[in-house]
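These notes are about the structure you will find just below.
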Amino acid sequence: MLSKEEVEISIATDLGREWELKDGKLVKSFQFSSFMNAIDFVNEIAKIAERLDHHPIITINWKSVKLSLKSFDIDAITKRDIALAKEIQKKLKGNNKSER
C-alpha cells in the first residue's frame, strides 16, 4: 500500500504527470479518432494486464477510454498499480497511433 505522497511522487517521477490521483485511484483518459481505435487500444491494455496479472477498470465511451487503477484486494493504490501504469505508458510511447 502506498501513501498519498508516495503515489503523487510516482505520478511526478515515474509517470510523467500523465496520470492523476482521483477518488483513491490512478486515472488517465484517452481520446481516439474512432471507436475501433479505442477498442484496439483496450485490447492492447488487456494483454498488458493479463501479463502482469493486474487488471484496471476500463470505461469505454465511443471514442474515449478511461483507465482507473487500484488494488481492490487491499482497497488502495500499490506498487502493482504503478507498474501497470508504467507498462501502459511504455506501450503508448512505442505505439503513437494509440492516442487520438
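Excluded from the calculations below are hydrogen atoms, water molecules and symmetry mates; all remaining heavy atoms, backbone and side chain alike, are included.
By the rule that hydrophobic residues join a cluster once side-chain heavy atoms approach within less than 4.5 Å of another member, L69 and V7 end up as members of one cluster. Hydrophobic clustering places I39 together with I48 (ILVMFWY residues linked when any side-chain heavy atoms are closer than 4.5 Å, directly or through intermediates). Hydrophobic clustering (ILVMFWY, side-chain heavy atoms < 4.5 Å, transitive): L26 and L67 are in one cluster.
Using a 4.5 Å heavy-atom cutoff, the side chains of F72 and I57 are in contact. L52 is not listed as a side-chain neighbour of R80, based on a closest heavy-atom distance of 4.5 Å or more. By the 4.5 Å heavy-atom criterion applied to side chains, E20 and I11 are not counted as neighbours.
The side chain to side chain donor-acceptor pair (under 3.5 Å) test applied to T78 returns S71, D81, not counting sequence neighbours. With sequence neighbours left out, S10 forms a side chain to side chain contact (heavy atoms under 4.5 Å, CB included) with D14, I82. Residues passing the side chain to side chain contact (heavy atoms under 4.5 Å, CB included) test with K4 are E8, L21, sequence neighbours excluded. Applying the salt bridge (Lys or Arg N to Asp or Glu O under 4.0 Å) rule to D75 yields the partners K70; only residues at least two apart in sequence or on another chain are considered. Residues passing the salt bridge (Lys or Arg N to Asp or Glu O under 4.0 Å) test with E87, sequence neighbours excluded: R51, K90. For the side chain to side chain contact (heavy atoms under 4.5 Å, CB included) test, residues two or more places apart in sequence or in another chain that qualify with V42 are I58, I60, V65.
Among all heavy-atom pairs drawn from K63 and F35, the shortest one is CG-N, 3.7 Å. For the residue pair P56 and I45, the shortest heavy atom distance occurs at CG-CG2, 4.1 Å. Pairing each heavy atom of W62 with each of A38, the nearest pair is O-CB, 3.9 Å.
Ion pairing between a basic and an acidic side chain is recognised when a charged N comes within 4.0 Å of a carboxylate O; K47 and E50 show no such pairing.
Separation of atoms CD (Q31) and CG (N61) is listed at 9.0 Å; rounding is to 0.5 Å. Here the OG-CG distance, from S34 to D40, works out to 7.5 Å after rounding to the nearest 0.5 Å.
Below 30°, between 30° and 60°, or above 60°: for F30 and F41 the angle between ring planes is between 30° and 60°, a tilted geometry.
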